[in-house]
Amino acid sequence: MRRVPRRGRRPGGSHLIGHRRYPICITTSMTVSIFWFRRDLRLSDNTGLHHALNSNNPVVPVFVFDTLILHQLDNKTDRRVEFIHTAITHLQQQLIALGSTLEIYHGSPIAMFHQLLNKYTIARVFTNNDYEPYALERDEAIAALLHSKGIPFNSYKDQLIFEKNEIIKDDGRPYTVYTPYSKKWKATLSDSHLQSYPITNHFLRQHPLPIPSLKDIGFTGTGAPFPSSQPDKELIKNYDKTRDFPAMAGTSRLGVHLRFGTISIRELVRETLPLNTTFVNELIWREFYFMILWQFPHVGKGKAFKPEYDLIQWRNNEEEFERWCQGETGYPIVDAGMREMNATGFMHNRVRMMTASFLTKHLLIDWRWGEAYFASKLLDYELANNNGGWQWAAGSGCDAAPYFRIFNPTLQTKRFDPQLEYIKKWVPELNELSYPQPIVPHEQARERCLKAYKKALDRS
Ligand code: FAD
């Protein structure tokens with residue numbers, strides 16, 4: 001989901017949805033632990049939940065539909081919200097079967113904790129680490145509130161195999177190049193990093209609380225299916241051969257599950273390591289970009305990883321940007337990608353690279369515009385990966401393509417969609433007069449880009 005502006009927002013109120021329909025006889029003298037679900041929406045192999053359930057007190061699982069995030073979403077049929085809602089519904093069914101319930105709030109996290117503090121005597125609060133700038137600020141505020149009441153806030157690594165500074169160079173500095181990072185990642189990996197965190201039923205026994213509808217929180221759903229959370233073993237086995245061809249169903253589509261924690265990264269690595277190392281390499285790219293966001297937080301705050309790239313004079317032509325967004329550039333592979341994302345919330349990785357390169361290099365439009373557009377559309381939107389991908393394409397990122405390497409959309413099409421299968425699916429009017437002429441000739445765009453980049457880099 002889109003980032004939340006960092007300043008000038010004050011937390012609003014929060015209410016426990018459905019509280020009135022199911023009054024619960026709970027007194028504040030009951031001492032409990034709280035487990036706060038965020039982007040770890042599963043019961044199985046959940047590190048923070050495992051520790052909560054092994055603590056001394058019965059556990060109250062909670063979730064908040066965070067209005068500080070939801071109010072930022074202009075699209076009230078945003079499928080990420082529908083995905084979360086589906087995942088929460090599933091969690092609730094599992095918890096009810098265990099004789100417990102999820103307490104679901106709608107408001108700001110801080111307001112939720114004020115309510116929880118009124119309702120229970122809280123021994124400890126458990127959760128899993130979240131690394132994005134908004135999440136870090138949020139957790140700091142919650143931890144401060146809890147500490148002021150003498151309540152520990154325990155947060156665990158769960159969404160990554162290695163986080164923060166666990167994989168660093170021998171001299172203690174962070175890696176900025178993927179290949180040596182991935183070598184160290186693999187050399188460090190042992191069975192203990194892939195161990196499972198099973199759960200015991202030490203939840204507080206409560207009457208079930210109802211799930212709010214999407215409408216209750218200001219959204220509507222489409223009911224369209226989401227990708228499966230089960231890795232397809234045959235697909236993974238062939239991943240290195242199929243992953244580059246957008247017309248094939250050759251990638252896992254697990255991005256959204258990794259984003260919201262509806263699968264465990266430990267289970268996924270355990271399962272896929274023997275099947276295909278190329279696939280695991282992609283999971284390591286994900287960890288690499290999370291590490292970059294952690295070690296170089298300026299990238300998550302709208303800055304180029306390499307500061308000299310912030311000197312580029314972008315053209316930022318709004319009409320051209322709109323044509324790119326709508327898939328009307330006259331470059332079929334670019335248009336197919338944009339139309340696929342607009343229609344489905346997914347775009348193939350190879351095409352993400354081409355469309356991003358086209359925006360930044362052919363059109364000389366600031367990568368931050370493209371980053372924000374992808375953030376608003378992708379079902380699997382992940383700040384660290386999206387930022388990493390955009391800065392890679394723009395040349396401003398760590399381990400990025402050199403700026404003078406400019407994708408030629410025609411040659412890329414010949415290599416990766418030679419039968420035009422992918423293009424024809426999304427641009428059926430390809431051979432009709434209605435299909436636009438190229439927005440800019442390739443050679444002219446190339447020269448213009450080289451000049452603009454060179455000028456900026458010569459100034460630095
Ligand atoms: P698979 O190919 O099956 O890979 C499995 C998982 O590995 C992915 O789900 C993802 O978690 C991880 N992964 C794969 N490729 C990469 C990569 N290059 N960098 C980091 N992690 C990777 N990925 C996102 O998860 N969210 C984003 O918002 C996002 N934005 C991107 C923007 C641009 C401009 C580019 C070039 C890439 C972006 N990616 C992003 C990376 C990649 O395109 C997607 O992870 C991938 O296409 C998702 O499809 P999949 O789940 O079928 O992936």
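Numbers here simply count residues along the sequence, with the first being 1. All ligand and atom numbering here is 1-based and tracks the order in the structure.
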Counting only heavy atoms, tell me which of Glu371, Glu282, Arg352, His348 gets closest to atom 15 (N) of ligand 1.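 That would be Glu282.
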Is a side-chain N or O of Arg79 found less than 3.5 angstrom from the main chain of Gly345, in a donor-acceptor match?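 Not at all, since once roles are kept as given, no pair shorter than 3.5 Å links the two residues.
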Problem - Arg270 side chain to Leu194 backbone, donor-acceptor under 3.5 Å - result: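 Checked: pair present.
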- Could you see which bit of Leu254 sits under 4.0 Å from ligand 1, with heavy atoms only: side chain, backbone, both or neither?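 Under 4.0 Å from ligand 1, Leu254 contributes backbone atoms alone.
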Exercise for the section: Answer with side chain, backbone, both or neither: which part of Phe288 has a heavy atom less than 4.0 angstrom from an atom of ligand 1? Expected result: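 Answer for Phe288: neither.
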Thr251 to ligand 1: N or O pair under 3.5 Å?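 In this structure, Thr251 places an N or O atom under 3.5 Å from an N or O of ligand 1.
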query: For ligand 1, is there an N or O atom under 3.5 Å from any N or O atom of Glu382?
result: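 Between Glu382 and ligand 1, an N or O pair is found under 3.5 Å apart.
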*With a 4.0 Å cut-off, would you call Glu287 and Lys184 a salt bridge?*
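Looking at Glu287 and Lys184, the cut-off is not met.
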task: Ignoring hydrogens, tell whether any protein atom lies closer than 4.0 Å to atom 1 (P) of ligand 1; use the non-hydrogen atoms only.
output: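 At least one protein heavy atom is under 4.0 Å away.
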Report yes or no: does Trp392 have a heavy atom closer than 4.0 Å to ligand 1?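 Contact check Trp392 vs ligand 1: negative.
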Problem set entry | Minimum-distance protein heavy atom relative to atom 53 (O) of ligand 1 |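 Here the closest protein heavy atom is Ser252 OG, 4.1 Å.
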Side-chain H-bond candidate by donor/acceptor type, Asn431 with Lys424, under 3.5 Å: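 On atom types as modelled, these side chains do not qualify, holding no pair under 3.5 Å.
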